[in-house]
Q: 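Please read through the structure below; I'll follow up with questions.
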Amino acid sequence: MDSALDNHPLTNTHTKARSLAGNLCVIPRIFWVKMFQSCVIQSYVLSVSQLCCVCVSPEEERRVRANDREYNEKFQYASNCIVTSKYNIITFLPVNLFEQFQEVANTYFLFLLILQLIPQISSLSWFTTIVPLVLVLSITAVKDATDDYFRHKSDNQVNNRQSQVVIHGSLQKEKWMNVRVGDIIKLENNQFVAADLLLLSSSEPHSLCYIETAELDGETNMKVRQSLSVTAELGDPNNLASFDGEVVCEPPNNKLDRFCGLLCWRDCKYPLSNHNMLLRGCVLRNTETCYGLVIFAGPDTKLMQNSGRTKFKRTSIDRLMNTLVLWIFGFMVCMGVILAVGNAVWEREVGSLFQSYLAWDLPVDNFLFSAFLSFWSYVIILNTVVPISLYPVVCLDVGPVRLWYLDNPPPPLKQVEYIFSDKTGTLTQNIMSFSKCSINGHAYGEVIDPLGAQPKRLDFSSFNPLADPDFCYYDNGLLKSVKLGDLHSHEFFRLLSLCHTVMSEEKKEGELMYKAQSPDEGALVTAARNFGFVFRSRTPGTVTVTELGRPVTYTLLAILDFNNIRKRMSVIVRNPEGRIRLYCKGADTLLFERLHPSNHHLMNITTDHLNEYAGDGLRTLALAYRDLSEEQWEEWSERHRQADRATDCREDRLADIYEHIEQDMMLLGATAIEDKLQEGVPETIAILSLANIKIWVLTGDKQETAVNIGYSCKMLTGDMTEVFIISGNTVLSVREELREWPSVGDKQQRPPPPGPPAPRPPSSTTLDSISGEFALVINGHSLAHALEADMEGEFVSTACVCRAVICCRVTPLQKALVVELIKKHKKAVTLAIGDGANDVSMIKTAHIGVGISGQEGIQAVLASDYSFSQFRFLQRLLLVHGRWSYLRMCRFLCYFFYKNFAFTMVHFWFGFFCGFSAQTVYDQYFITLYNIVYTSLPVLAMGIFDQDVPEQRSLEYPKLYEPGQLNLLFNKREFFICITQGIYSSVVLFFIPYAILSHGTQGTGEPLADYQTFAVTTATALVIVVSVQIALDTGYWTAINHFFVWGSVGTFFTIMLAMHSQTLFSIFPNQFHFVGSAQSTLVQPLVWLTIVLTTVICIVPVLAFRFLKLDLKPQLSDTVRYTQLVRQKTRKPAGRCMGGGRLGARGGSRRSGYAFAHQEGFGELITSGKNMRLSSLALANFASRHSSSWIDTLRKKKHSNTHPPQSASGESSPAPSYVSGSAPPLSNSSSLLGGSQDTPLEEGTHTLPIILPQVASGPPTNTPPTLAPAQVPSTDALTPTSVRSPGGDSVGGWNLSLGAVQVRYCHLL
């Protein structure tokens, strides 16, 4: 045994170094953030402090001795205790405040508060800053305390779960948090595995156990684990208590499919592999009991190593905000310097004249020191340019699901460019159903009622008492064929009942439960069961079937197992009469090559049926059989035994033997299985694609399964030039496959140079020229190489030009790495959606995480920013609530900067008229309440309820989504426009009242030119102006908007009159200095005339600019609103909604639905007598779709695109003229293909799918043109139509001005 382990990885120094290097990349900064809940495993992260205690130094190898806690504690291994909370009662206040003051904004305003406490500097009371600061800190503290309370609650729930630990020869209940490395745990059926365990023994034969790994890799099919034979007999607690074996293994890592270790026991060494491990997050199934030795606990488990860490999610708006805040701060400093210089000059030239009776306050003794103090005074006064109230509200994502304050808010949903989706449970229901079949040239399953009635579900109970009551089938013709004794139908279902590796459990008579690793196999065996061929049980050498009520036992002679090259499975059985027959099922492309020549006609008919099934998105299999003579069987059996015993090239020898027997078969027919997608998945993907959102599927499932789903949900279509497969197993092969793409582009653009071209990185120009026509499929092994630093750029460049990307067999960590790669290279907003624990890392890494609450628990939901039950709701989340959220946020930011510049810059202008003395214009209470009370509620209402177009139009016109992706509604240009408008308003607000009131008088002849009258007039005008401005900015009015906007104005007058009342002055004479000012000022007609004039001068230019922009350069949303208005006035029905129309069928592309498991089947274990309970069918390689002629196809397609047909007039793609009632052409991107929402109608190069009656010439007709909304198009209907402008070349994004549209509607309006 020792000699056999000389080359074991643990004895190899280089492998140790590689393992250590890999481990070092994983261990640092692991944080526990989510917990177990509701009997499901969740993801955790370890706090930094706990990590420092546990991982003092990186492990090179792990040594674990069973039943010896003292020995294991020397290594300070992590315990199973979960600590996700951040605070306790004592540390909450200091720690939380420390964390909050790490925010620059909070620290800045704390600094201002300290300045305000210095009398020589501040001209404002301290409460003007401390009130908003305390409010913000309190909101955050309450939120943090609430979150931490639930963390404590969840920690207690998980840590106090019970497990059975072998201690001193008996089983004792221990809490999960008390489990330690080296303990032996007893697991029972349907229990979660609490830590990574080495399986020691099991109650099942041959010490097998069955686990479900949905929490790890997303697969709901079961897998088999087996203990070492040397420990299989340790099933008694007394024996386990005396077990003192020592495990030497690799350090903690994130490799779910790999484990390398040695068990040293009784002076022998036994190799350990992943097949011997039970990983945390798995669920024990169909196994009464088993025992395991804890190897990794807590953060060291592979599930936790893959969980990733929570990252602070920022988008372009966040980054832009940081930049703008720095600019504003610099602008404020510049204003302070200007006013300080002004103070120095004024004090030197003018102030010195007042020194005799108005001396400087101590410690000021010269004009320079006065200027220095004046600078800090103006910093305090002008700080409202960046108000603290901006921060809690700017983090308020007023989207459809929840409100986020301060702590890690999700970015606007309007900016998503890439969606990364899981497959199982996210796109699909993970439910396979037998849909259609072809038997001896007859197709079954298509039920069409000429009366249009709903077909009736067949009742199998009267025909077959063993039928599955949940089985649905509607074609009575197939059942009649079985009842009438059709031999082909009987043989068809006999094959399905025999050719599989399903295990059956029958707890009660007639109550069968099938356990299959492949959901396809389960569906096929269930179909055979309902049609009278019931698989009952199996032994290593027999299969028992009930055929039409008669029990029949077949001798199982051989199982020709599935692998990813064969793409088929066969069994050889002997019936009770002694006849030997081989049954085979597999991919039609390979099985048809092995048919007897006499099947040619039947093969053609079956091929037509397969094409039809494939066009419907069904998963197909072909079925065949072959009769064998006794001599053939004996000869082949002997050759098989010799190949099976071979020590070299065993797999190749067996493949040759299998190939020899699987010849000259007779075709029986084909099956079609429906892998049920979730409702609305194809339509949702199509609509999101029209919104310029790219969707990638990242799945742990096998390649063929993922590709089949890609076709079913229309990500992949038959009219694609090629589905490009990257399946290399080495760095060089992957690099070579990636670099085939630029060489293809070169061949399209120019003749190839003489001699072979040297490999080079892909050119972005070349890649862009071939985008949109291909799909990319890459498996996990190739992806591992593609994600390396020197190749990741090539991979991203290649993948991002494909219309669809599918990554198969990927680990949870690889999912996160792919998302991180796109964030790094494309700088795009990403969204990840999944439903299981294996998706948590991806969800955390993406800017926006969406959890599907499905059958795999709520781990993804708890780790996500948003959650719902089905994938189709993503369409509404992004296109409706996402774009509304972005629109609201942008309008909010623009308005917030505008109103604060208009408010603050008045102080700047006033400085030139008050001797630069840092005197404020407004009452200090008005300064305190302006952002908190007077202007906060209207902008909050706009941020919650505002919308530019109705919900239905947002779904009909996906192109409306693009402005967010391009950051068109809030950028540096829009920011400067806002502050320019704010500065303009501040000039008007200061100089108009100043000019009027300086020469104005009251009715009694007394002048109005006093400070308090000016302050009240300016403050009143400011509140009215900003209220009117937000009324103009609001696009959707509700009762709440009206109440907040006009209520805020009323609140201002109410509070101002109260603050200036005699009552408050008599109570607090030192605090309220404006006693009676409001009452005396607001009764003056001249004051109201000044307020009205100021409001008009501030607002009229804004109205004029917006009207001109709407008429000359309308945005896409403006046109959609205008079209909707026209529809309402003409009382025409609303535009066609996004429907559930079926996407174009994919003709001629068939795919096998066979073999869904991650490893090869367990046929060998079944026949060896180890009584396996289920099968494990391996990966079916989809690379056979990759044809060598795809380059020629690409060249032809590129040639046709670059040389479009010319019209008779010599102009390409003229606009067709549609008569009234004719159907418009469908656009391939939206109903309005503008470049962006800000793209003017006269600029850009786009298409316009508008019904234009006689666009080129002729009088307008009575039938108005309509904007064709985006439909869920068929594959063949995605043909955009160019429309020429009546007055020029076809260069406009619309090629038609809004005025022209208005003219054509003039007869109706």
Side-chain angles (χ1 to χ4, degrees), residues 432-448 455 458 471-500 520-521 523-533 567-570 581-626 662 665-675 708 711-712 718 1145-1155 1180:
M432 306 292 176
S433 62
F434 183 81
S435 180
K436 299 178 182 180
C437 64
S438 173
I439 303 176
N440 196 35
H442 297 281
Y444 299 96
E446 191 74 33
V447 180
I448 300 177
L458 296 182
F471 181 76
C472 292
Y473 201 74
Y474 300 94
D475 188 358
N476 193 43
L478 182 56
L479 184 58
K480 286 182 179 180
S481 174
V482 174
K483 290 181 178 180
L484 293 176
D486 180 72
L487 296 180
H488 294 95
S489 298
H490 287 190
E491 200 66 20
F492 180 90
F493 287 111
R494 183 176 291 113
L495 185 152
L496 294 182
S497 67
L498 294 173
C499 187
H500 58 80
D520 280 49
E521 283 207 328
L524 293 175
V525 175
T526 301
R529 169 185 176 181
N530 279 264
F531 283 97
F533 290 78
K567 293 188 178 181
R568 61 191 182 277
M569 172 192 176
S570 300
R581 178 165 288 184
L582 176 144
Y583 290 109
C584 180
K585 66 179 181 182
D588 54 274
T589 53
L590 295 177
L591 194 142
F592 283 175
E593 299 173 356
R594 291 156 177 81
L595 295 179
H596 192 275
S598 61
N599 290 268
H600 181 74
H601 178 68
L602 178 59
M603 184 177 67
N604 290 336
I605 298 175
T606 306
T607 299
D608 293 337
H609 294 160
L610 287 169
N611 288 333
E612 179 184 347
Y613 301 155
D616 292 334
L618 304 178
R619 314 159 80 87
T620 60
L621 281 177
L623 311 181
Y625 71 94
R626 178 188 177 185
E662 292 173 330
M665 294 184 289
M666 304 299 295
L667 181 62
L668 272 175
T671 63
I673 295 176
E674 179 183 5
D675 183 6
N708 285 335
Y711 279 108
S712 298
R1146 180 180 59 90
S1149 293
R1150 296 195 305 276
R1151 56 204 186 277
S1152 169
Y1154 188 54

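All figures in this text were calculated on a predicted structure; none of them were measured in a lab.
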Q: Compare every heavy atom of M665 with every heavy atom of E662, then report the nearest pair and how far apart it is.
A: O-CE, 4.0 Å

Q: Ignoring hydrogens and geometry, is there a side-chain-to-backbone donor-acceptor pair from S481 to G477 under 3.5 Å?
A: no

Q: I'd like to check L479 versus K483 (side-chain heavy atoms, cut-off strictly below 4.5 Å). Are they in contact?
A: yes

Q: What heavy-atom pair brings L458 and D475 nearest, and what distance separates the two atoms?
A: CD1-O, 3.4 Å

Q: With side chains defined as the heavy atoms from C-beta onward, is the minimum distance between L610 and S438 less than 4.5 Å?
A: no

Q: Any chance you could lay out the side-chain contact (heavy atoms from CB on, under 4.5 Å) test for E446 and E612, step after step, and finish with the verdict?
A: CA-CA 11 Å; E446 191 74 33; E612 179 184 347; 4.1 Å; yes

Q: Answer yes or no: is there a side-chain heavy-atom contact under 4.5 Å between R594 and R568?
A: yes

Q: Quick one: does F492's side chain get under 4.5 Å of L623's, heavy atoms only?
A: yes

Q: Would a distance-only check, ignoring hydrogens and angles, find a side-chain to backbone donor-acceptor pair under 3.5 Å from K585 to C499?
A: yes

Q: Tell me whether the rings of F531 and Y473 are parallel (<30°), tilted (30 to 60°) or perpendicular (>60°).
A: perpendicular

Q: Do C437 and L478 have side chains that approach each other closer than 4.5 Å (heavy atoms only, starting at C-beta)?
A: yes

Q: Please find the pair of heavy atoms, one from E491 and one from L668, that lie closest to each other, and give the distance.
A: O-CD1, 3.8 Å

Q: If every non-hydrogen atom of G669 is compared with every non-hydrogen atom of T606, which pair is closest and at what distance?
A: C-CG2, 4.4 Å

Q: If you compare all heavy atoms of L591 against all heavy atoms of A624, which two are closest, and at what distance to 0.1 Å?
A: CD2-CB, 3.6 Å

Q: Assess whether atom NE2 of H596 is packed by more than 12 heavy atoms of other residues, nucleotides or ligands within 6.0 Å.
A: yes

Q: The test is side-chain contact (heavy atoms from CB on, under 4.5 Å); show your working for T526 and F434 and say whether it passes.
A: CA-CA 8 Å; T526 301; F434 183 81; over 6 Å; no

Q: Under the criterion side-chain contact (heavy atoms from CB on, under 4.5 Å), I'd like the reasoning laid out for L667 against F592: C-alpha separation, chi angles, the key distance, then a yes or no.
A: CA-CA 8 Å; L667 181 62; F592 283 175; 3.9 Å; yes

Q: For L621 and A587, work out which heavy atoms get closest and say how close.
A: CD2-N, 4.3 Å

Q: For Y625, check ring-ring contact (aromatic ring centres under 6.0 Å, His included) against everything at least two apart and list the hits.
A: none

Q: Measure the shortest side-chain to side-chain distance between H500 and L524 over non-hydrogen atoms and say whether it is less than 4.5 angstrom.
A: no

Q: Taking the side chain as C-beta and beyond, is there a heavy-atom pair between L595 and M666 under 4.5 Å?
A: no

Q: Working to the nearest 0.5 angstrom, can you tell me the gap between I439 CD1 and Y444 OH?
A: 5.5 Å

